[in-house]
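Note that these values count all heavy atoms, side chains included, but never hydrogens, waters or copies made by symmetry. Each chain gets a letter, A, B and so on, in the order the sequences are listed, and its residues count up from 1.
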2 protein chains.
Amino acid sequence: MDKRKKAKLAKKGWTVGSAAEFLDLSAEESAYLEMKLALSEKLKESRIRKRLTQEQLADALESSQSRIAKMEAGDRTVSLDLLVKSLLAIGVSKKELGKLIT
Amino acid sequence: MDKRKKAKLAKKGWTVGSAAEFLDLSAEESAYLEMKLALSEKLKESRIRKRLTQEQLADALESSQSRIAKMEAGDRTVSLDLLVKSLLAIGVSKKELGKLIT
DNA sequence: TTACTATATGTCATATCTGACATATACTGG
DNA sequence: CCAGTATATGTCAGATATGACATATAGTAA
């Protein structure tokens, strides 16, 4: 993982404890977190591009403002399912999702 | 028609395009189900390519034979998170996952 | 037939996720 | 300063997913 990605993840609070522990993330764990990060960033970007507030998006998705905030923040309690369903609902195509993950 | 029945029918081999119309699935729901289907097929293919039984894979992933079977069957109780984590653990790259979804 | 192996299916206690809510923080323009 | 708006964060009851287990089904070989 390059430094930029590490920094992004660290900024989101994904360090489990010490920096050493962070560096000990397995390849699978890193890949999984990177995927979630990419999706959360895309959600925020899409919402802003549509000029929606988190509250408005929450209403459209039948969710809540706080959960939208957590999605965009890449919170641990947010599932890939919710991120993917939300992105599809906001108009991001399956194809685009694939590219994001790649 | 409830979602459980929709999922069952969709699983029985209806083609996606017509199934979406007939089953009254939204574009997002179809895309989501297609993604899960692609991932579940890849999991089965990867397991068989490695000549592992469901039981052996379950041990490796610290899961159970029944859950592996449900993952490969695209069961509605299986999350994208579990599918993705399992695929990453079995050696499928993030990049490959992206292509699968596309 | 029987015995064995692999996979599928149903159930359930527990773990995890979710929407909702309260509240905090940040940034406006009075 | 205040009031309004948007976003972030913490908590929790209820919803959903999980591994484990029992059991069913399918295929193979003796």
Side-chain angles (χ1 to χ4, degrees), chain A residues 7-16 28-29 32-33 35-37 39-90, chain B residues 2-13 28-29 32-33 35-37 39-90:
Chain A
K8 277 187 175 178
L9 286 172
K11 197 178 164 189
K12 299 289 183 181
W14 275 109
T15 52
V16 178
E28 302 98 273
E29 288 171 323
Y32 173 74
L33 294 179
M35 285 177 51
K36 282 187 65 170
L37 185 60
L39 296 181
S40 65
E41 287 175 346
K42 180 66 174 180
L43 181 66
K44 183 164 193 170
E45 175 204 309
S46 300
R47 175 179 64 80
I48 291 177
R49 183 176 300 275
K50 291 195 168 198
R51 301 173 199 282
L52 297 174
T53 65
Q54 290 181 344
E55 186 72 44
Q56 291 171 325
L57 180 57
D59 290 346
L61 300 183
E62 296 187 321
S63 183
S64 62
Q65 179 269 326
S66 58
R67 191 132 299 272
I68 302 293
K70 280 160 189 165
M71 280 197 245
E72 293 183 356
D75 189 283
R76 289 169 185 71
T77 72
V78 174
S79 70
L80 270 184
D81 294 73
L82 186 62
L83 276 168
V84 166
K85 284 179 178 175
S86 298
L87 284 162
L88 290 172
I90 208 180
Chain B
D2 68 19
K3 288 184 178 178
R4 177 176 297 201
K5 187 162 190 181
K6 285 178 186 173
K8 265 198 170 181
L9 285 174
K11 211 179 113 188
K12 296 298 181 183
E28 303 98 272
E29 286 171 325
Y32 174 74
L33 292 178
M35 285 176 50
K36 281 186 64 169
L37 185 59
L39 297 181
S40 64
E41 286 173 346
K42 179 66 174 179
L43 182 67
K44 183 163 193 170
E45 175 204 309
S46 301
R47 176 180 63 81
I48 291 176
R49 184 177 299 277
K50 290 196 166 197
R51 301 176 200 281
L52 297 173
T53 65
Q54 290 182 344
E55 185 72 42
Q56 290 171 323
L57 180 57
D59 289 346
L61 301 183
E62 297 188 320
S63 182
S64 61
Q65 179 270 324
S66 60
R67 191 132 299 272
I68 302 293
K70 281 161 189 165
M71 279 197 246
E72 293 183 355
D75 189 284
R76 70 181 201 84
T77 72
V78 174
S79 70
L80 271 183
D81 293 73
L82 186 62
L83 277 167
V84 165
K85 285 179 179 175
S86 298
L87 284 162
L88 290 171
I90 208 180

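With a 4.5 Å cut-off on side-chain heavy atoms, A/Gln54 and A/Glu72 count as touching.
The nearest heavy atom of DNA chain D to B/Ser66 and to B/Ser79 marks one nucleotide each, and the one closer to the 5' end goes with B/Ser79. Nearest-nucleotide assignment on DNA chain C puts the 5′-proximal partner with B/Ile48, out of B/Ile48 and B/Asp81. Two residues, A/Met71 and B/Glu55, neighbour DNA chain C, and the one matched to the more 5' nucleotide by heavy-atom proximity is B/Glu55.
Here C/dA26 presents its C1' atom at 13 Å from CD of A/Gln65, a figure rounded to the nearest Å. A/Gln54 places its CD atom 16 Å from the C1' atom of C/dC21, with the value rounded to the nearest Å. When the C1' atom of D/dG10 is taken as reference, atom CZ of A/Arg67 falls 12 Å away, rounded to whole Å. Here D/dA20 presents its C1' atom at 15 Å from CG of B/Leu61, a figure rounded to the nearest Å. Rounded to whole Å, atom P of C/dT7 lies 17 Å from atom CG of B/Asp75. When rounded to the nearest whole Å, the span between CG of A/Leu57 and C1' of C/dT18 equals 15 Å. Note: CG (B/Leu80) to P (C/dT16) measures 19 Å, nearest angstrom. Atom-to-atom, NZ of A/Lys44 to C1' of D/dA6 comes out at 11 Å; the value is rounded to the nearest Å.
With hydrogens and angles ignored, no donor-acceptor pair closer than 3.5 Å exists between the side chain of B/Lys85 and the base of C/dT16. Looking at B/Lys70, its side chain has no donor and acceptor atom pair within 3.5 Å of the base of D/dG19.
The existence of a salt bridge linking A/Glu45 and A/Lys42 is confirmed by a sub-4.0 Å separation between a basic side-chain nitrogen and an acidic carboxylate oxygen.
When heavy atoms are screened at a 4.0 angstrom cut-off, B/Ser64 is found touching base atoms of the nucleic acid. Contacts of A/Ile68 with the nucleic acid, taken as non-hydrogen atoms under 4.0 Å apart, are absent. Note on B/Thr53: only backbone sugar-phosphate atoms sit closer than 4.0 angstrom, heavy atoms only; bases stay farther off.
A pairwise comparison of heavy atoms in A/Tyr32 and B/Leu88 identifies N-CD1, 3.8 Å as the closest pair. Nearest approach of A/Ile90 to A/Lys50, heavy atoms of both residues: O-NZ, 2.9 Å.
At least one side-chain nitrogen or oxygen of B/Arg47 sits closer than 4.0 Å to the OP1 or OP2 atom of C/dT7. Between B/Thr77 and D/dA17, a side-chain N or O to OP1/OP2 separation shorter than 4.0 Å is absent.
Of the possible donor and acceptor atoms, one in the side chain of B/Lys36 sits under 3.5 Å from a partner among the backbone N and O of B/Val78.
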